[in-house]
Protein chains: 2
Amino acid sequence: MTAAQKKASQVTEPLSRGDKRRAAFIAAARQVFLEQGYEAASMSEIVLRAGGSLSTLYSQFGDKQGLFIAMLDARVRQITETMGVELSAHTPVEEGLRRIGMQFTSKLLEPEALEMYRLIVGLARKFPEIPREFQRRGPDKIRQALADYLIDRKEAGEIRLEDPYRAATLFLEMTRSGLVSRALLDEEVRPDAEEIRASVNIVVDMFLHGIIRYQPDPGSEKTAKS
Amino acid sequence: MTAAQKKASQVTEPLSRGDKRRAAFIAAARQVFLEQGYEAASMSEIVLRAGGSLSTLYSQFGDKQGLFIAMLDARVRQITETMGVELSAHTPVEEGLRRIGMQFTSKLLEPEALEMYRLIVGLARKFPEIPREFQRRGPDKIRQALADYLIDRKEAGEIRLEDPYRAATLFLEMTRSGLVSRALLDEEVRPDAEEIRASVNIVVDMFLHGIIRYQPDPGSEKTAKS
DNA sequence: TCTCGGGTGTAATCAACATTACACTTGCTG
DNA sequence: CAGCAAGTGTAATGTTGATTACACCCGAGA
């Protein structure tokens with residue numbers, strides 16, 4: 001804590017001794033927490049993998065909870081950064097949605113991301129602040145980006161749109177539906193890129209046209225793409 | 001009181017001494033597990049609340065895990081039974097979807113259901129069979145019912161439909177999106193009936209018409225209902 | 001070189017439980 | 001009423017793992 005703040009003020013310090021220790025601890029903690037879960041993870045095990053000593057671990061993070069939070073923090077930051085959705089502002093909806101859908105789904109299906117999510121959900125009772133922080137730093141960012149994109153597309157006349165945030169939420173959730181929420185509960189669900197693509201395509205289609213589509217007058221016109 | 005209960009229950013089922021003990025244990029276990037989580041829950045605490053003795057608890061369930069599974073089993077059975085979706089086979093889609101959406105969402109938003117889900121997700125690593133069982137006995141049942149309903153509606157010509165299961169999954173997931181998945185991560189999200197209704201309506205609309213709706217030719221004709 | 005502050009290893013502490021053991025009650029059933 | 005099968009209370013047993021204490025070590029500045 002104090003150490004971190006001190007370093008923060010000194011701009012761009014190149015990884016001092018302590019920082020390296022800290023990074024090693026966090027990396028090991030990530031491994032162990034993900035493998036064993038919060039309760040079952042043992043501090044000694046973490047030290048074993050990180051090298052260094054138990055004493056140093058405690059002096060750096062205070063206690064188990066502190067270590068956990070530090071680890072989660074670093075991890076969520078890292079994941080959402082990676083997901084930095086590059087929505088080239090003027091891609092046509094269908095294409096744009098497919099792209100973001102793929103990116104989102106693939107990321108969330110990574111075993112590590114799944115496990116992290118399980119951890120967070122499971123600890124919601126014990127540390128209520130954690131999931132909230134996670135929401136803000138993770139999903140909300142993506143949602144915001146997607147909403148902006150949808151607004152842009154609306155202005156381009158491609159879609160009707162009453163509530164961009166709601167719509168963005170819906171899309172992301174639909175995206176998760178087919179695979180992610182199943183994978184969350186079943187380790188053995190491990191879709192490959194093709195399955196993901198297929199799932200995303202269906203979602204995009206449904207999101208755009210709904211289940212009814214041009215019903216009264218099937219022949220009129222098609223959406224640019226296909 | 002005890003006598004009365006004994007007689008009353010004897011009419012329907014035997015409910016022997018042991019059965020009552022068992023029920024009491026399970027009820028207490030539910031409380032404690034939900035409040036404290038699996039690891040933190042203590043067997044003694046459960047006995048404390050249930051009355052009876054530690055020895056009996058062990059003789060009935062073997063060990064902690066056994067008790068947990070028995071509890072979960074009873075609970076999931078109970079919840080999904082309650083949710084017994086009465087889709088009067090020929091309700092018009094819009095009405096039918098609203099109804100099932102309300103029922104589903106309301107149920108899942110109950111604090112206890114949320115907590116149960118958190119438990120299950122959090123334990124996916126430790127007991128991989130549990131979430132699978134849960135899927136089969138819970139969500140899959142609902143999904144099946146909804147799929148059947150959608151097929152019926154298709155045959156009535158109300159909707160286009162390529163993959164009923166996928167569509168059913170999508171609908172249920174969309175339904176969860178707005179509120180449930182948020183509530184899962186934030187204890188303080190406690191929508192009332194009106195909010196739920198609003199959320200469901202939007203979902204139904206999106207599910208049916210998509211985000212584009214009759215765009216090329218707005219004036220032609222409307223879907224039977226309204 | 002001497003000295004100090006973080007680092008390091010190792011070995012205590014200390015509490016919490018799960019799980020068992022044991023000796024004692026009860027409530028039927030014949 | 002005897003006897004047994006299940007239930008009860010209480011007190012072990014044993015393990016596990018967070019957290020702390022302690023004695024030692026190494027690299028930078030006086």
Side-chain angles (χ1 to χ4, degrees), chain A residues 1-7 10 13-29 31-71 119 123 126-127, chain B residues 1-7 9-10 14-29 31-71 119 123 126-127:
Chain A
M1 288 290 195
T2 324
Q5 287 182 350
K6 213 188 293 174
K7 291 295 178 250
Q10 296 176 0
E13 190 77 9
L15 280 213
S16 77
R17 196 114 169 296
D19 285 344
K20 274 205 276 193
R21 227 65 305 265
R22 189 184 166 86
F25 281 139
I26 286 192
Q31 276 188 13
V32 177
F33 278 128
L34 286 183
E35 274 169 29
Q36 333 236 353
Y38 180 79
E39 316 273 357
S42 111
M43 295 297 263
S44 316
E45 171 78 17
I46 291 172
V47 166
L48 219 52
R49 299 205 198 177
S53 80
L54 206 44
S55 323
T56 313
L57 179 57
Y58 271 90
S59 79
Q60 293 236 7
F61 299 98
D63 58 7
K64 192 178 186 179
Q65 176 169 341
L67 173 60
F68 180 74
I69 291 181
M71 176 280 277
L119 260 184
L123 290 175
K126 198 172 196 120
F127 311 121
Chain B
M1 177 164 151
T2 320
Q5 279 186 353
K6 211 189 288 177
K7 295 237 166 117
S9 51
Q10 273 179 346
L15 262 219
S16 72
R17 195 116 169 298
D19 285 344
K20 275 207 279 189
R21 236 44 325 255
R22 191 184 165 85
F25 282 140
I26 287 194
Q31 277 189 14
V32 177
F33 279 127
L34 286 183
E35 273 169 30
Q36 333 237 353
Y38 181 79
E39 316 273 357
S42 111
M43 295 297 263
S44 315
E45 171 77 17
I46 291 173
V47 166
L48 219 51
R49 299 206 197 177
S53 80
L54 205 44
S55 323
T56 312
L57 180 57
Y58 272 90
S59 79
Q60 293 236 8
F61 300 99
D63 58 6
K64 191 178 186 178
Q65 176 169 341
L67 173 60
F68 181 74
I69 291 181
M71 176 280 277
L119 258 185
L123 290 176
K126 194 170 198 123
F127 311 121

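Per chain, numbering begins at 1; letters A, B, ... match sequence-line order.
- At least one cation-pi condition fails for B/Lys64 and B/Phe33: the charged atom is not both under 6.0 angstrom from the six-membered ring centre and inside a 45 degree cone around its axis.
- Distance CG (A/Leu67) to P (D/dT19): 10 Å, rounded to an integer number of Å.
- Going from atom CD of B/Gln36 over to atom P of C/dA16 covers 14 Å, rounded to whole Å.
- Between B/Lys64 atom NZ and D/dT15 atom P there is a gap of 18 Å when expressed in whole angstrom units.
- Checking B/Ser55 against A/Tyr58, the closest nucleotide of DNA chain D that is more toward the 5' end is the one next to B/Ser55.
- Here the side chains of B/Phe68 and B/Leu119 are in contact, with some heavy-atom distance below 4.5 Å.
- Taking the charged nitrogens against the carboxylate oxygens, A/Arg49 and A/Glu35 do have a contact shorter than 4.0 Å, which makes a salt bridge.
- For the OP1/OP2 pair of C/dT8 and a distance below 4.0 Å, the side-chain nitrogens and oxygens of A/Thr56 include at least one atom meeting the criterion.
- Nearest to the side chain of A/Ser53, among D/dG9, C/dG7, C/dT8, sits C/dT8.
- In this structure, B/Leu48 atom CG and C/dC17 atom P are separated by 13 Å, rounded to whole Å.
- Distance B/Ile46 CD1 to C/dA16 P: 18 Å, rounded to the nearest Å.
- The CZ-C1' distance, from B/Phe61 to D/dA6, rounds to 15 Å in whole Å.
- Out of D/dA18, C/dC17, C/dT20, the shortest distance to the side chain of A/Ser42 is found at D/dA18.
- Residue B/Met43 contributes atom CE, which lies 19 Å from atom P of D/dT15 at whole-angstrom precision.
- Atom CD in B/Glu39 sits about 10 Å away from atom P in C/dA18, given to the nearest Å.
- Nearest to the side-chain atoms of B/Leu54 among the listed nucleotides D/dG7, C/dA11, C/dT20 stands C/dT20.
- Interatomic distance, OG of B/Ser44 versus CG of B/Leu48, reported as 8.0 Å (0.5 Å rounding).
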